[in-house]
Amino acid sequence: AEINKSLLALKEVIRALATGDSMKRIPFRGSKLTQVLKEGFVGKSSRTVMVTCVAPNMNNCDHTLNTLRYADRVKERDAETGKLSAAVAANSTIK
């Protein structure tokens, strides 16, 4: 149950970064995981690596696509500003 809470909090952080100014704050306090990763998301001299696990069968197709979308958004973070690139923010459809 804790891992699901942490992953949900991570989703909210990525959504907040992707939407830019539509959220006044980024909810890093949602879990210990997001608190630990905070510097990686907003630090100006940090680099973030996201390791994803995808499954090759069709039963997991939706989960695999969502995982790849999140990984792509994290990959597009601007190292200087700590925010996601304008193209990613404009096309963000994280649900």
Side-chain angles (χ1 to χ4, degrees):
E2 270 314 296
I3 189 69
N4 288 336
K5 178 183 172 189
S6 293
L7 292 175
L8 180 61
L10 180 60
K11 172 184 169 183
E12 293 300 320
V13 167
I14 293 172
R15 178 185 296 161
L17 290 168
T19 57
D21 293 331
S22 67
M23 293 184 80
K24 296 190 184 227
R25 66 174 187 83
I26 300 171
F28 288 111
R29 293 185 182 179
S31 76
K32 290 180 183 177
L33 175 66
T34 54
Q35 289 175 1
V36 168
L37 295 175
K38 179 179 180 179
E39 189 61 32
F41 280 111
V42 297
K44 296 190 190 254
S45 62
S46 65
R47 300 198 76 185
T48 303
V49 175
M50 184 171 183
V51 178
T52 59
C53 179
V54 297
N57 64 18
M58 288 303 291
N59 292 339
N60 295 317
C61 185
D62 290 336
H63 296 295
T64 296
L65 288 174
N66 283 334
T67 300
L68 292 173
R69 285 184 192 116
Y70 286 120
D72 188 52
R73 282 170 182 78
V74 172
K75 179 185 75 170
E76 297 297 328
R77 189 185 68 84
D78 185 336
E80 290 188 21
T81 65
K83 296 189 180 201
L84 296 180
S85 70
V88 172
N91 295 318
S92 179
T93 58
I94 296 177
K95 297 178 181 175

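Values below: all heavy atoms of this structure, side chains included; hydrogens, waters and symmetry mates excluded.
Counting all heavy atoms, side chain and backbone alike, Q35 lies closest to R29 at NE2-CA, 3.7 Å. When all heavy atoms of V13 and P27 are compared, the pair lying nearest together is CG2-O, 3.5 Å. Annotation for C53 and T67: closest pair O-CG2, 4.2 Å, computed over non-hydrogen atoms. The two residues F28 and T34 have their closest heavy-atom pair at O-OG1, 2.6 Å.
With a 6.0 Å radius and a threshold of 12 heavy atoms from other residues, nucleotides or ligands, D62 has its CG atom at or below the threshold.
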Give the C-alpha distance, both sets of side-chain angles, the deciding distance and a yes or no for side chain to side chain contact (heavy atoms under 4.5 Å, CB included) between S6 and L10. CA-CA 6 Å; S6 293; L10 180 60; over 6 Å; no
Evaluate side chain to side chain contact (heavy atoms under 4.5 Å, CB included) for K11 paired with I14, printing each intermediate quantity in order. CA-CA 5 Å; K11 172 184 169 183; I14 293 172; 5.9 Å; no
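Applying the side-chain hydrogen bond (donor to acceptor under 3.5 Å, both in side chains) criterion to T64, with sequence neighbours excluded, gives no partner residue.
Interatomic distance, I3 CD1 to S31 OG, rounded to the nearest 0.5 Å: 8.5 Å.
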